[in-house]
Every structure is written in C-alpha cells, then in structure tokens.
Undergrad: 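Structure provided below as structure tokens; questions to follow.
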2 protein chains.
Amino acid sequence: MMKCASSTEEKIKDAARKVFLEKGFEGATTRDIAKEAGLNCALMNYYFRSKEKLFATVFEEMLQLFFQGMTTVLHKPISLKEKLVELIEHDFQTFKSNPSLCIFILNELHRAPDHLVNIIQAAKTQAALLFEQQLKEAIDQGIVRPVNTHHVLSLLLSNTQFIFLGKALTMNTWQMNEDDFNTYAEDHKQLITQMIVNFLFIADPEIELRQHGSESAVLSH
Amino acid sequence: MMKCASSTEEKIKDAARKVFLEKGFEGATTRDIAKEAGLNCALMNYYFRSKEKLFATVFEEMLQLFFQGMTTVLHKPISLKEKLVELIEHDFQTFKSNPSLCIFILNELHRAPDHLVNIIQAAKTQAALLFEQQLKEAIDQGIVRPVNTHHVLSLLLSNTQFIFLGKALTMNTWQMNEDDFNTYAEDHKQLITQMIVNFLFIADPEIELRQHGSESAVLSH
DNA sequence: AAATGATTTAAGCAAATGTTTAAATTATAT
DNA sequence: ATATAATTTAAACATTTGCTTAAATCATTT
C-alpha cells in the first residue's frame, strides 16, 4: 500500500525548506520547489494540500528546532549567568549554521503575525516562565539589576540575530571572506556576552576582579 | 507640454512606498500600487520603466532619508558619547515612525545584496570614517575600551532595530497595546543606551559616580 | 497473476502577473 | 482654433502562478 511515502515527503520538505529560506514565501514558486526536489510538481499538492500548508509545515518544524535548543538550555540546572552565556552560544550556533533563518522568521512575522504568535504562545509556557522566575530570584537576591524579562530576551535575540541578518552587507562593506566573517562573528559573540553579563549582573568586586581581570580592573582604581 | 507630471509621479511613488513597505517586493503587485494611487496601472510603466525600477527608486530614496539623519548626527561637533546617544535616539525615532522600514531594508539586503551594498558603499565614505577616527582617538586616550568600529555600529543597529522588527510579536506575546509598546520601546532605549555606554566607556570612578549614580554606585563598594 | 490501492506523471486550467499597445484625452504652442 | 506633444486610459498580450485532473506506474494483497 505504501511505496516510499515518507521518503518523497521528506524530499519535498527538504526542497521547500531550502527554497523558502532562500526566496521567502512569495518569492518561491511551487515549480522551484519541485525542481529542487527533482519531482513532479503535482506531488507537492498530493502530500501537502497547498503551498500555504507546505510552508506552514516547514516553518513550524524549523521554529520547533530552534525553540527545542533554547528550551534545553533553559531547563539545565545551571546558574542564570551560565544560562545566559549558553543561550547566546546556542543562538549564535543556530544562526551561524543557517544565516537565512533570521530573516525568514522575521519575514513570516511581518507577513502573517498571527501564525508566529500562536506558535510562540504555545512554546512560551514551557520554559520561558522558568527563566523568568530564575531572573526574578536573582534580582531579589541583588545579584542582577532590576530588569524586565522581556528586555533581557530582547537583548539576547537582537544582538545574536543582527550580525547574521546583515551578513551580506558586513562581508561586502568590510571586504571579508567567509573565514573573516566567522572570526568577526566569534569576536562579536564574546563582546556581546561580556557586555550583557556586565550590564545585568551587579558586580561583586571581590569576585569580578578575578573572573574578568582586565575588563573590571579599571573600575578598581 | 507638461500637464502635472511630477504630481502623478509623486502619487505613484507614495503608493509604491506604502505597498512595498507593507508587502515587500514580491508580495506587492503593480495593480496593488495603481489601486493605492488611484491611477491606471499602465502609468506605472510610463513614468518608471518597470516594477523593478520603481522599487529601486523608492528604496533608494528611503535609504537616503535614513542615512541623511545619521550623517547629520555624525557631523555634529559633539563628543563621542553624545554622538552615540544621539545615534541611538535617531534610529529609534526613525524606526518608531516607520516600523516596517527595518524588515523592508533587511529583506532587500537578502533579495539583492549588491543593490544595498552599492548604496552603502557610496554613503560610507562620507561620514562613517569621521566616526571611526573619533572612536580611535577616544581609544587612544584610554576613554573607550579598545573595540572595532564595526562592532560598535553593530551594537547600535542591532539593539535599535530588533525591538521594531519584533513589534508584532512583542505586542502579542506580552499583551501590549500601542501605548504599552511605546512605553516599552522608550524603556528599552534607555536600557540599551546605558548598557552600550557603560560597556564602551571606561569608567572614571570620580566622574561616573556622579553621572550615573545608582548604576555605578555598586561598583564603588 | 489479478485486483486493489498508493504513488507519480504529463497535461492543462483558471486566475494573476508584469508589461505593451493603441486609442482617447488633455495641455501647450502657434 | 488647430496642430503638436504629453498624459491617461481601457484592453489585451504573453507568462507565470497555484492547483487539478485523469491517466499511468508501482507496490502489495489475495
């Protein structure tokens, strides 16, 4: 009864993912996807009912993958500071291995806000609240500057996303090749990690001086 | 010989700007634009030769406007710190009054990198070098942490853009109305200004304690 | 092997798209 | 006023689009 359904289905999804990421929803055509998959274009509607449905499937899977990584980090039994560092690391890794992902997600957010909002709402309850609680505790303990969860998440996401959003521009403007860019991205990751941690965590001079040496030395006159 | 060319031309550009901003290049149709302008759709090709050319015109004008503001700030005879603050203020203002502008620009960067790159290259030589020089001087004087110009510009742009890129998501996720969002954006502006300035400028305890009171107080144990 | 149901294909449909055409209208110069 | 050139319009053109159809192919069951 079944020949190799899952195989073709996967081929279509793979092709769709690639083409949608590259050209966006409107920019991609069903024939583009079929060609990329090396399949008849009617198959697209046989397995998924429409371009819209195929897109939604691919999009949700991709977002799922992204959130899964974040959720894993958020659930780890580690300190808030370690969590922040790992979240930044995770985002950098994700977007580095797939630079089109940011603009793809942001585009969908602009095209059909409700779609993304619904997915986020579902994922939110899982682990974000845990993070929020941990942040609040740290604030209560006077370890962290009093700041809204939302602001913190914005800081993380904006600083990790942007570098990859502007990758083409950066490489061109500053005459970089792929290696140069990776070096630059790595530097920037260190920089924003330091900046965000320094900003959020209220420095305990005794400890901070040993941990961050040069950065904090200047504050100890 | 001329009836009211410039008037119709402007009407088309206004309509195109609006529709392109809303739906992007592929998402917008020539008929959408004609309808928005209340004009026959053949006029679009009479004044601009093609959809692509119309888009390029509108896009370049919009980018010009954005850079003009930045250039003005960069040319002001003020300190580096004041410049940073004003740049952040300018970007926030620009994107606040036109939230679609970020995604629009980033989209074009993804769709046709060369287009944007050429424009930027032309604008770059004007005022950015001036900023770079001022930054380097400050670093030499030990006022500012040794950091690349590019990193600084990334910090500015990423933190100002992101909040507006994710506006729809933010408002929905955190149940905000337009006023709430504006308040949040204003808060975030203050926060990132403080964070970036604190990070870049090497604090002179004597002065900093008076300027930033609560933030730096903790560092003075 | 024959029958059945799942999968794949080629062909094409209806609508939409960017663009052109040729005629109609309007403004301007003589 | 009339001729001329600029502007505007309705209609249509050729492609491209998402999607459907109906026949062909393949795998599985009996």
Side-chain angles (χ1 to χ4, degrees), chain A residues 1-62 104 107-108 110-112 114-115, chain B residues 1-62 104 107-108 110-112 114-115:
Chain A
M1 290 194 177
M2 282 211 309
K3 197 165 61 178
C4 50
S6 65
S7 161
T8 339
E9 201 173 319
E10 213 56 44
K11 265 192 216 164
I12 295 175
K13 276 203 286 195
D14 287 345
R17 198 178 304 121
K18 187 175 173 188
V19 177
F20 279 138
L21 270 172
E22 205 174 306
K23 308 195 177 187
F25 178 75
E26 281 105 350
T29 71
T30 53
R31 281 168 180 82
D32 282 340
I33 297 170
K35 196 177 177 187
E36 173 71 34
L39 297 168
N40 187 289
C41 72
L43 277 173
M44 222 200 63
N45 289 43
Y46 177 76
Y47 283 98
F48 308 85
R49 293 178 47 81
S50 66
K51 182 190 180 186
E52 190 87 40
K53 291 237 171 65
L54 172 59
F55 180 85
T57 306
V58 164
F59 181 76
E60 279 157 33
E61 277 188 16
M62 233 152 29
F104 178 73
N107 240 327
E108 178 63 1
H110 187 249
R111 194 181 72 94
D114 291 342
H115 184 202
Chain B
M1 289 194 178
M2 284 212 307
K3 197 165 61 178
C4 49
S6 65
S7 161
T8 346
E9 201 174 318
E10 214 56 45
K11 264 191 217 166
I12 295 174
K13 277 203 287 194
D14 288 345
R17 197 177 305 121
K18 187 175 172 189
V19 177
F20 279 138
L21 270 173
E22 205 174 306
K23 308 195 178 188
F25 178 75
E26 281 104 349
T29 72
T30 53
R31 281 168 180 82
D32 281 341
I33 297 170
K35 196 176 177 187
E36 174 71 34
L39 296 168
N40 187 290
C41 73
L43 276 174
M44 224 200 59
N45 290 39
Y46 177 76
Y47 283 98
F48 309 86
R49 293 178 47 80
S50 66
K51 182 191 180 186
E52 190 87 39
K53 291 236 172 64
L54 172 59
F55 180 84
T57 306
V58 165
F59 181 75
E60 280 158 32
E61 278 188 16
M62 233 152 28
F104 178 73
N107 240 327
E108 179 62 2
H110 187 249
R111 194 182 72 93
D114 291 342
H115 185 203

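Lettering follows sequence order; numbering is per chain, from 1.
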Undergrad: Applying a 4.0 Å non-hydrogen cut-off, can you work out what A/A28 is touching in the nucleic acid: base, sugar-phosphate, or nothing?
TA: sugar-phosphate
Undergrad: Are B/Y47 and D/dT8 close enough that a side-chain N or O sits under 4.0 Å from OP1 or OP2?
TA: yes
Undergrad: Hey, is NZ on A/K23 packed in by over 12 heavy atoms from elsewhere, all under 6.0 Å?
TA: no
Undergrad: Is B/R111 paired with B/E52 through a side-chain N to carboxylate O contact shorter than 4.0 Å?
TA: yes
Undergrad: Between A/T30 and D/dG18, is there a side-chain N or O to OP1/OP2 distance below 4.0 Å?
TA: yes
Undergrad: Using whole Å, report how far CD of A/E52 lies from P of D/dT17.
TA: 17 Å
Undergrad: Looking at CD of B/E9 and CG of B/L43, how far apart are the two atoms once the value is rounded to the nearest 0.5 Å?
TA: 11.0 Å
Undergrad: From CZ of A/F25 over to C1' of D/dT17, roughly how many Å is that when rounded to an integer?
TA: 12 Å
Undergrad: Can you check the A/N40 CG to D/dA24 P distance for me, whole Å?
TA: 15 Å
Undergrad: Does A/T29 make a side-chain N or O approach to OP1 or OP2 of D/dT16 shorter than 4.0 Å?
TA: no
Undergrad: Mind calculating the distance between NZ (B/K51) and C1' (D/dT15) to the nearest angstrom?
TA: 14 Å
Undergrad: Are B/F104 and B/F59 an aromatic pair, judged by ring center distance below 6.0 Å?
TA: yes
Undergrad: What is the separation between atom CZ on B/R49 and atom P on C/dT20, rounded to the nearest whole Å?
TA: 7 Å
Undergrad: Looking only at the side chain of B/A42 (C-beta and beyond, no hydrogens), which of the listed nucleotides C/dA10, C/dG12, C/dT21 gets closest?
TA: C/dT21
Undergrad: I need the CE-P distance between A/M44 and D/dT17, as an integer number of Å.
TA: 12 Å
Undergrad: Tell me: CG of A/L43 to P of C/dA10, nearest whole Å?
TA: 10 Å
Undergrad: To the nearest Å, give me how far apart CD (B/E10) and C1' (D/dT7) are.
TA: 17 Å
Undergrad: Kindly say if A/N45 contacts the phosphate of D/dT20, meaning a side-chain N or O under 4.0 Å from OP1 or OP2.
TA: yes
Undergrad: Charged N to carboxylate O under 4.0 angstrom, A/D14 versus A/R17?
TA: yes
